[in-house]
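Before any comments, here is the structure.
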Amino acid sequence: MSIKIYNTLTRQKETFVPLEEGKVKMYVCGPTVYNYIHIGNARPAIVFDTVRRYFEYRGYEVVYVLNFTDVDDKLIKAANELEEEVPDIADRFIEAYKEDVGAFGVKEAVYHPRVTENMDEIISFIKSLISKGYAYETEGDVYFRTRQFDNYGKLSHQSVDELRSGSRIEVGEKKEDPLDFTLWKEAKEGEISWNSPWGNGRPGWHIECSTMAKKYLGDTIDIHAGGQDLTFPHHENEIAQSEAHNETDFARYWMHNGYINIENEKMSKSLGNFVLAYELIKQHDPQMIRFFMLSVQYRHPINFSAELLESAKNGFERIRNAYENVKHRQETCMNLTDDKEEWLQEIERMNQTFIKEMDDDFNTANAISVLFDIAKSANLYLQKEQTDSEVLQGYADLLKNLTHVLGLEIETAQELPDEEVDTKIKEREQARKDRNFQKADQIRDELKEKGIVLEDTSQGTRWKRG
RNA sequence: GGCGGCAUAGCCAAGUGGCAAGGCAGAGGACUGCAACUCCUUUAUCACCGGUUCGAAUCCGGUUGCCGCCUCCA
């Protein structure tokens, strides 16, 4: 079995074949760090982290690179408004980014390159493009000569002429052609800048990714990923730069995630419906948010609303409950069932189904439906009067491993109840034995106010954080 | 104008030729002292019109509606 990926380049699912056996070189376009991230930024972080985790689960080594754009127009604007220096703002929001996506269970990239730390490489990349005739300098700016690159438009499937006729691109006076894009931008008075052969300035937006992908992963990489909106012009321009420069294919598989809408409307500043990740995390379990995002195929749009989050919360709770049910039963299980092989086979069958679904272009929606199947199956097993330890362990491991592949933490933080709570539970159990239900209910209500929910099972009372 | 996507139950969402997954919500039932957890039962002319086929949600043509990109944007 092999993994299939929908490749934007060819507009179809293709069997993934790595450049180097057992290794995946993956570059994901990261954030421009001028503000806190919103949930739209969180989606690619979560989606491609899941892709990475799945590759790792399937035995690949993943060299995962996620860049930070730490200098550009938006950062300079923010610096002016906040009366701070660009590097300070960048540092601050990089930390905020890591904290936010960390809450969603996103692993740290292997490399987190920053534009400002790769200035020499960027400048020499541009110099090389100029010497090859793909770029030209005009009055301190450097532009890429788009028409010079024959395959321009192969990712977004646009021809140069179509782009031009429909374009609203301003004809820059310094450009030879409206389609040409900036590689190096001359600094205005007082702006942060770097010295270059063309004077003081800063890199254009696209050149950083070409340069850093090459530096950390090589001329050709396996997977390049980002939001759907980056397809054009950002990724198209990266291809032009990199392939003109390296004279070989830039990326073999291009992956793009879909948008997030808020209450059926596009998230936009003018509508004022931006949802910042850190604010959302204050109100909701970030793990549940991740679960919610993965419940839809990554290329499809997701709508975001309080109602849908509630639905996701309940669904995720069901899976967590199943796991807790199994764990709880393990304390009192035996080794008596004679049909244990059948159950173990069932467990393995579901494991294989999960893999089959994820192999198909990371179909997390179907993978999650397998988690529900496992939950149901485990709960049914638990209805038996006698259970086998190996089967229970099989369910526990399966649920834990597969949720982990999706970056979900199934084990809720269960600090031990303090002595007072412990005593209350014992007290209540005695009351129930004495059939003093009024007292029992009173204790249960009391604990509920403290956020502790009690559940009576045939194997005794257990509790959890509500 | 160019390129592309989507339309499946009250809601969310899989399914790309063979009796329409799964979840949430609702209803009924079982278990329980009552709850909770859990289990069982229950809800679909797959936007519309043609065509291809033994057979279509799925392929082809058309219609309608919504959305994205072509400009900074995840």
Side-chain angles (χ1 to χ4, degrees), chain A residues 8 11 13 28-32 34 37-48 72-74 77 153 155-159 161-170 179 205 225-234 236 256-261 264-269 291-292 295-297 299-303 305 307-322 324-325 328 353 357 360 363-373 375-376 378-383 431-432 435-438 440-441 444-445 448 453-458 461-464 466:
Chain A
T8 307
R11 286 182 177 162
K13 284 182 194 170
V28 179
C29 284
T32 302
Y34 68 107
I37 59 162
H38 57 253
I39 55 168
N41 303 103
R43 190 175 187 190
I46 290 170
V47 162
F48 298 119
D72 88 322
D73 291 354
K74 291 194 287 290
K77 187 161 173 256
L155 182 69
S156 54
H157 303 273
Q158 304 266 355
S159 77
D161 295 318
E162 282 163 353
L163 280 168
R164 195 177 185 189
S165 63
S167 79
R168 281 173 270 170
I169 300 168
E170 283 178 43
L179 285 173
W205 175 36
Q228 221 159 50
D229 51 323
L230 295 182
T231 310
F232 190 92
H234 185 55
E236 196 71 71
H256 294 98
N257 65 273
Y259 268 107
I260 287 181
N261 294 320
N264 294 311
E265 280 181 319
K266 183 178 173 174
M267 188 163 62
S268 76
K269 281 177 182 160
F291 176 84
F292 170 70
S295 67
V296 178
Q297 218 281 338
R299 284 183 281 120
H300 296 176
I302 291 188
N303 194 30
S305 72
E307 191 191 353
L308 293 172
L309 284 185
E310 179 66 18
S311 172
K313 177 171 174 281
N314 292 338
F316 189 40
E317 198 64 25
R318 179 177 168 76
I319 291 164
R320 274 184 165 160
N321 280 341
E324 289 305 320
N325 292 343
H328 183 251
T353 306
E357 298 297 354
D360 184 14
N363 194 332
T364 53
N366 276 346
I368 284 174
S369 83
V370 175
L371 294 183
F372 282 114
D373 289 344
K376 165 90 67 157
N379 283 325
L380 280 172
Y381 185 70
L382 293 176
Q383 300 221 316
R432 291 182 70 218
R435 303 192 71 77
N436 183 351
F437 296 121
Q438 201 181 348
D441 290 350
R444 185 168 61 194
D445 291 344
K448 194 178 178 184
V453 178
L454 299 186
E455 293 179 359
D456 300 324
T457 75
S458 50
T461 298
R462 61 177 172 149
W463 66 277
K464 65 178 181 181

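Below, chains carry the letters A, B, ... as their sequence lines are ordered, and counting in each starts from 1.
Proximity of A:Lys266 to the phosphate of B:C69: a side-chain N or O atom is located under 4.0 Å from OP1 or OP2. Here A:Asn366 does not reach the OP1 or OP2 of B:A14: none of its side-chain N or O atoms lies under 4.0 Å away. Residue A:Asn264 places none of its side-chain N or O atoms closer than 4.0 Å to OP1 or OP2 of B:C67. Put simply, A:Asn325 has no side-chain N or O that comes within less than 4.0 Å of OP1 or OP2 on B:C37.
Remark: C1' of B:C70 and CD of A:Glu236 are 11 Å apart, rounded to the nearest angstrom. A:Gln228 places its CD atom 8 Å from the C1' atom of B:C69, with the value rounded to the nearest Å. One interatomic measurement links the two molecules: CD1 of A:Ile368 to P of B:G15, which rounds to 13 Å at whole-angstrom precision.
If you check every strand for non-hydrogen atoms under 4.0 Å, A:Asn321 touches sugar and phosphate atoms only.
Here, B:A30 and B:A36 have their P atoms 15 Å apart, quoted to the whole Å. One P atom belongs to B:G5, the other to B:C59, and the distance between them is 11 Å to the nearest Å. B:U52 and B:G61: their C1' atoms are spaced 11 Å apart (whole Å). Nucleotides B:A9 and B:A14 place their P atoms 13 Å apart, quoted to the nearest Å. Going from the P atom of B:G51 to that of B:U16 covers 26 Å, rounded to whole Å.
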Provide a list of protein-nucleic acid N or O atom pairs under 3.5 angstrom, restricted to nucleotides 3-7 of chain B.
unit_1 : atom_1 : unit_2  : atom_2 : d
B:C3   : O2'    : A:Arg11 : NH2    : 2.9
B:G4   : OP1    : A:Arg11 : NH1    : 3.0

Using the 3.5 Å cut-off, write out each protein N or O paired with an N or O of nucleotides 32-36 of chain B and the distance between them.
unit_1 : atom_1 : unit_2   : atom_2 : d
B:G33  : O6     : A:Arg432 : NE     : 3.3
B:G33  : N1     : A:Asp441 : OD1    : 2.9
B:G33  : N2     : A:Asp441 : OD1    : 3.3
B:G33  : N2     : A:Asp441 : OD2    : 2.6
B:C34  : O2     : A:Arg444 : NH2    : 2.5
B:C34  : N3     : A:Arg444 : NH1    : 3.0
B:C34  : N3     : A:Arg444 : NH2    : 3.1
B:C34  : N4     : A:Asp456 : OD2    : 3.0
B:A35  : N6     : A:Asp456 : O      : 3.1
B:A35  : N1     : A:Asp456 : N      : 3.0
B:A35  : N3     : A:Arg444 : NH1    : 3.0
B:A36  : O2'    : A:Glu455 : OE2    : 3.2
B:A36  : N1     : A:Asp456 : O      : 3.2

Pull out every protein N or O sitting under 3.5 Å from an N or O of nucleotides 23-27 of chain B, one pair per line with the distance.
unit_1 : atom_1 : unit_2   : atom_2 : d
B:C24  : O4'    : A:Ser311 : OG     : 3.4
B:C24  : O3'    : A:Asn314 : ND2    : 3.4
B:C24  : O2'    : A:Ser311 : OG     : 3.4
B:A25  : OP1    : A:Asn314 : ND2    : 3.1

